[in-house]
Amino acid sequence: MKKKDNYNYFDEFIKLTEYAEKTSIILNNLMNNFTTERLNESAEEIHKLEHASDMIVHKMREYLIKDFLPPIEREDIAIIINKLDDIEDGIDEIVIDFRILNIKSIKKDVLEITDILVKAVKSVKSVFEKLSDLKNPDLIKQKVISVNKLEEQGDRVYENIVSNLYNEEKNPIELMKWMNIYKCFEETIDSCEQISDCIQDVIMKNS
């Protein structure tokens, strides 16, 4: 029996990475030109993109439940969907934290970890742009390695930032606020790396 439509998981993955890239760029622009007014505007913009991304995620999950023969293992698709959603949710959570914690100005260290997040998201997108070509696994692996290197860089930067924070910040409330924010950045970058791990499994199963 033929499917009623031409639903393509790989195309939908790319759409999700495009939303993640857009939100990461908005976040980066906000961090480099931070004001409370821009924060509110950027938060609304990011939240709208996060909602649009969620609609794609919901549709993919619904389709996956009914799909008789997905192009790669069902469990791998589910993991990829969840981790792509985690990236989008993580960026949304970062700006929410800035608003909830009433941040009036940023620390310079945040610019470095934001830059790594943007690069990691762009690298994830480049992985998915090649993922449908499973007959060329070496090219996909190169893209995956780039994501992993950025995650490792993110870990080092996170460790340095937290160390500096404890050494320099004397206000315990400010310390708590920025620990929450930096941790959210670190977890969002980790989500990028977790996707790359799943992609490596997909490559091995389909090579």
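Note that the structure is predicted; figures quoted are calculated from it, not measured.
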**Report entry** Ile87 and Thr17, any side-chain heavy atoms less than 4.5 Å apart
**Finding:** no

Report task. Give, for atom CZ of Arg74 and atom CD1 of Ile79, the distance between the pair rounded to the nearest 0.5 Å. Result -> 13.5 Å

Query raised in the report: Got a sec: does the CD of Glu18 have more than 12 other heavy atoms crowding it under 6.0 Å?
Result: yes

**Report entry** Worked check of side chain to side chain contact (heavy atoms under 4.5 Å, CB included) between Leu117 and Ile113
**Finding:** CA-CA 6 Å; Leu117 174 57; Ile113 200 166; over 6 Å; no

Requested in this report: Spell out, yes or no, whether Ile72 and Val57 are grouped together once hydrophobic residues are joined by side-chain heavy atoms under 4.5 Å, including indirect joins.
Outcome: yes

Query raised in the report: Do Leu84 and Phe128 come close enough that some side-chain heavy atom pair is under 4.5 Å?
Result: yes

Report task. Could you state whether Leu64 and Leu131 fall into the same hydrophobic cluster, counting links through intermediate Ile, Leu, Val, Met, Phe, Trp or Tyr residues with side-chain heavy atoms under 4.5 angstrom apart? Result -> yes

Query raised in the report: Got a donor-acceptor contact below 3.5 angstrom from the Lys83 side chain to the Gln194 backbone?
Result: no

Report summary line: Separation between CG (Asn180) and CD1 (Ile103), nearest 0.5 Å, reads 9.5 Å

Query raised in the report: Under 4.5 Å between any side-chain heavy atoms of Gln200 and Asn148, yes or no?
Result: yes

Query raised in the report: Are there more than 12 heavy atoms of other residues, nucleotides or ligands under 6.0 Å from atom CD of Glu187?
Result: yes

Query raised in the report: Of all heavy-atom pairs between Gly90 and Thr188, which one has the smallest distance, and what is that distance?
Result: CA-OG1, 3.4 Å

Query - Check ion pair Lys48-Glu45 (N to O, under 4.0 angstrom) - result: no

Query raised in the report: Asp201 versus Met204: any side-chain heavy-atom pair under 4.5 Å?
Result: yes

Query - Distance (rounded to the nearest 0.5 Å) between Ile56 CD1 and Tyr63 OH - result: 15.5 Å

Requested in this report: Would you sort out whether Leu16 and Asp85 count as a side chain to side chain contact (heavy atoms under 4.5 Å, CB included), showing the intermediate values?
Outcome: CA-CA 8 Å; Leu16 291 176; Asp85 193 36; over 6 Å; no

Query raised in the report: Apart from Ile173 itself, what residues make up its hydrophobic cluster when side-chain heavy atoms of I, L, V, M, F, W and Y under 4.5 Å apart count as a link, directly or indirectly?
Result: none

Query raised in the report: Any side-chain heavy-atom pair from Lys15 and Glu12 closer than 4.5 angstrom?
Result: yes

**Report entry** Lys107 atom NZ: more than 12 heavy-atom contacts under 6.0 Å
**Finding:** yes

Query - Shortest non-hydrogen contact between Ser126 and Ser123, atoms and distance - result: OG-O, 2.6 Å

Show every donor-acceptor pair shorter than 3.5 Å between a side-chain atom in residues 24-34 and any protein atom, with sequence neighbours excluded, or say none if there are none.
from  : atom 1 : to    : atom 2 : distance (Å)
Ser24 : OG     : Ala20 : O      : 3.4
Ser24 : OG     : Glu21 : O      : 2.8
Asn28 : OD1    : Asn32 : ND2    : 3.1
Asn29 : ND2    : Ile25 : O      : 3.4
Asn32 : ND2    : Asn28 : O      : 2.8
Asn33 : ND2    : Asn29 : O      : 3.0

Query - Inter-residue atom distance Cys184.SG - Asp97.CG, 0.5 Å rounding - result: 5.5 Å

Requested in this report: Classify the ring geometry between Tyr9 and Phe13 as parallel (under 30°), tilted (30 to 60°) or perpendicular (over 60°).
Outcome: tilted

**Report entry** Pairwise side-chain contact, Glu50 with Asp54, heavy-atom cut-off 4.5 Å (strictly under)
**Finding:** yes

Requested in this report: Test Val121 against Lys125 for side chain to side chain contact (heavy atoms under 4.5 Å, CB included), laying out the working first.
Outcome: CA-CA 6 Å; Val121 171; Lys125 181 184 173 186; 5.8 Å; no

**Report entry** Distance, nearest 0.5 Å, that separates OG of Ser53 from CD1 of Ile46
**Finding:** 12.5 Å

Query - Same apolar cluster: Leu139 and Val147, side chain cutoff 4.5 Å - result: no

**Report entry** Any side-chain heavy-atom pair of Ile106 and Leu111 under 4.5 Å
**Finding:** yes

**Report entry** Hydrophobic cluster identity match, Phe185 and Leu39, side-chain contacts under 4.5 Å
**Finding:** yes

Query raised in the report: Does one hydrophobic cluster hold both Ile96 and Leu49, with members joined at side-chain heavy-atom distances below 4.5 Å?
Result: no

Requested in this report: May I ask you to decide if the ring planes of Trp178 and Tyr182 are parallel, tilted or perpendicular, using 30° and 60° as cut-offs?
Outcome: tilted

Query raised in the report: Salt-bridged, Arg99 to Glu44, with N to O below 4.0 Å?
Result: yes

Name every donor-acceptor pair, under 3.5 Å, that has one atom in a side chain of residues 149-167 and the other anywhere in the protein, sequence neighbours excluded.
from   : atom 1 : to     : atom 2 : distance (Å)
Asn160 : ND2    : Arg156 : O      : 3.3
Asn164 : ND2    : Asn160 : O      : 3.2
Asn167 : ND2    : Ser163 : O      : 3.1

Query raised in the report: Rounded to the nearest 0.5 Å, what separation is found between the CD1 atom of Ile189 and the SG atom of Cys192?
Result: 7.0 Å

Query raised in the report: Does the side chain of Arg61 come within less than 4.5 Å of Ile81's, by heavy atoms?
Result: yes

